[in-house]
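Report on the following structure.
Just so we're on the same page: letters track the sequence lines, and every chain starts at 1. No experiment lies behind these values; they were computed from the predicted model shown.
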Amino acid sequence: MIRFFCQRTLPYTNPAVHCRINYRTSCSQRGFSSQAVQLAQQCSGHAESPTPDFDSHTYAAMLQDCVRNGDSAAGTGLHCEIVKRGGCLDLFASNILLNMYVKTGLVSDANKLFEEMPQRNTISFVSLMQGLSESQRFPEALDLFLRLHREGHELNPFVFTTILKLLVRMGWAEMGWNLHGCIYKLGHDSDAFVGSALIDAYTVCGCVDIARHVFEGIVFKDIVSWTGIVACYAENGCFEEALEVFCQMRTMGFKPNNFTFTSVLKACLGLGSLNAGKSIHAYVLKSHYEEDQFVGLVLLDLYTKSENTTDAFRVFEEMPKSDVVSWSFMIARYAQKDRCEEALDLFLQMRRALISPNQFTCASVLQACATMKQLVLGKQIHCHITKVGLDLNVFVSNALMDVYAKCGKIENSMELFIQSPDKNDVTWNTMIVGYAQLGDGNKALSLFLSMLRFQFPATEVTYSSALRACASVEALNVFDMMRKTNCKPNKLTFVGVLSACSNAGLLEQGQAYFNSMTQDYEIELCMEHYTCMIGLLGRLGHLNKAVKLIEEMPFKPSVMVWRALLGACVSHNNVELGKLSAQRVLEMEPHDDATHVLLSNLYANAKRWNNVAFVRKSMKKKGVKKEPGLSWIENQGMVHYFTVGDTSHPDMKLISGMLEWLNMKTWRAGFVPDCSAVLRQVENDEKERLLWLHSERLALAFGLIRTPSRSQIRIIKNLRICVDCHAAMKFVSKIVKRDILVRDMNRFHHFQDGICSCGDC
DNA sequence: ATAGGGTTAG
């Protein structure tokens, strides 16, 4: 055991010493600081045993051993022993002692020692600056540089490399410019270390040409300087040049290392050249750098970006499995690519490998949870991150807010939003979009307004999401506000503007915005813009104009475009055009059940029962099945599922009674059933009866019977809510004075006192 | 003699 003889840090003292043992030749060269420790222990532990005195050089050698082994305990112990014996250290030995404190991370001790030293030289300053810089104490490090200069110590290349690195770390790389002149005048720019540090500073500033100039001026270029210039090109988008320099380097006989490979692979990634990447990968394998985590990560990036999953996994398998970064990266990629199940699976594997997730991992897994509406896993991760304090990370808390919002628990999101210590634009966006998806345009809009009131800098994305969040007319107001700022409307902004016009049926304005996109804003028209316009024209019954616009499109209309037209044809009973649109959709997606159903609805509205039967038959032939409607509701930790006409629920008698009562009450309140939702050739009475058996109404009835009064009733449906059920829910919410929330395939419907948040659109 | 340079995911 190491014994501490006195307090860890001691004042610097200066008595005389004698040397008895040449410690350096006895054990220092074997490189064991334990020898130093033993010696120190021996001397102090047994007062009666002979205690040799050492000279400054011997202490220096012992301390140097501690540095080599990173042994702070031995080093500190030795310092104590030196002081106890009244030993004296010369400048050389004190510098090593100082460096011992710096290298073992005891920067405050180093600082104290530095101040107590009777003399200092450039080396003392550089050592301490390095330590302060490593431990992020930037202002102190910078002060030290000024002091060095003021006290007239030599400005050697070591000073400049250290100060340049410090500036880059502080984010003040531009200050490198000021130093460059001084460096040049002193002739230090030919030094490989100073040159590399300069190249790095210029890389950060984006000054590629000057970096190249510095590189050319380095007299003895080594692998680090070569890597520096490759990295400079790769980081600044000059990917071809990066590869070129890399080849040049090889012809000069330099062997790339893991740093070099990382940079050159980034260049391949930037070029999008899988082939170049693969040949570098082969070189990586030949040089045995495949286990390097940095190299591995860029390779993962390269292969996952080009959808090359097999190779990506091969690389992943070769990387050290203890590395949380590679796991998180893979999980993030899957989550971004909407392969959420794989993301979650990988997360579970990672947990099994006993690797604890960090903020990156949590943010990515939560993203996957949000997409999959995995509330349960989301809550588990919430517990974990609260326990380890990751909830303070803005990315994590944003992702968590999104999970709750997407799962319909917006109050939880709001709670996190309020607690969130440093909000960014994504934080606000998440809430705004969250309320918008819930159908609560007013809350979304007021949140957006308070964001402006707090003078939180709104970005294009914020304006765009606020605009898409609220109901039509307000959206156009938001757009006006945006035009008064420096934020430039983008593609997404106009998707919001146009869909607002579409929702409100504002044809003239919609058309004006549509035209101004190319004329005034130089925004390329994309499929979504056309889809909105076709929806707008179709909604107002201008079916021919919609067709004309489709013909004018500069690219092949997507399925969405034809679906929009088909929808318009269904509501305006245009059978021929509807048939054509459905055909177009089915050419691209022959097994799309929704289109078959819409087409059959179209025929049913026109009472063309033969055609209805034909569509049904062709669905059967192709094996296309309409996804059965399913609604579910949670109560006391149990989930209750209902299908249309379902009689299997144990509470069925009560549910039927409730439905009967609702039927009567809504009828008395003036509710007129819309039988168009029943596409069967039966009498109207029968149609009305069938409507009351829809899955969402069964779930509603159950909710009214079993959930606590005044609580919100939450129903989830896998398809879109039917028109008649939507109307009925509005009446019911008023009659029973309950909040009803229906999450259907598309959006939330929040029924309150006879009104739905979706504005019936 | 002792001090110095280049790479991780939203």
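- The side chain of A:Phe158 lies closest to B:dG4, out of B:dG4, B:dG10, B:dT2.
- A:Phe125 and A:Phe114 have perpendicular rings, their planes meeting at more than 60° on a 0 to 90° scale where under 30° would count as parallel.
- Out of B:dA3, B:dG5, B:dG4, the shortest distance to the side chain of A:Asn99 is found at B:dA3.
- Salt-bridge formation is detected for the pair A:Arg212/A:Glu216: a Lys NZ or Arg NE/NH1/NH2 atom is positioned less than 4.0 Å from an Asp or Glu carboxylate oxygen.
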Applying side chain to side chain donor-acceptor pair (under 3.5 Å), run through A:Asn95 and A:Asn121 and close with a yes or a no.
-> CA-CA 9 Å; A:Asn95 276 343; A:Asn121 62 6; 3.2 Å; yes
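- The residue A:Ala192 sits close to a base: some heavy atom pair falls under 4.0 Å.
- Contacts between residues 392-405 of chain A and DNA chain B, defined by a heavy-atom separation under 4.0 Å, are made by A:Asn393, A:Phe395.
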Starting from the C-alpha separation in whole Å, work towards a yes-or-no answer on ring-ring contact (aromatic ring centres under 6.0 Å, His included) for A:Phe215 and A:Trp226.
-> CA-CA 8 Å; A:Phe215 174 73; A:Trp226 279 99; 4.9 Å; yes
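- Residue A:Thr161 has its side chain nearest to B:dG5 when only B:dA9, B:dG5, B:dG10 are considered.
- Ranking B:dG6, B:dT8, B:dG10 by closeness to the A:Lys266 side chain, first place goes to B:dT8.
- In this structure, A:Phe360 packs face-to-face on the six-membered ring of B:dA9, meeting both the 5.5 Å centre cutoff and the 30° plane limit.
- In the set B:dG4, B:dA9, B:dT7, the nucleotide with an atom closest to the side chain of A:Phe193 is B:dG4.
- We find that A:Asp301 and A:Arg333 are joined by a salt bridge, their nearest charged nitrogen and carboxylate oxygen being less than 4.0 Å apart.
- Counting only heavy atoms from C-beta on, A:Asn358 has its side chain closest to B:dA9 among B:dA9, B:dT7, B:dA3.
- For A:Phe259, taking side-chain heavy atoms from C-beta onward, the closest of the listed nucleotides B:dG4, B:dT7, B:dG5 is B:dT7.
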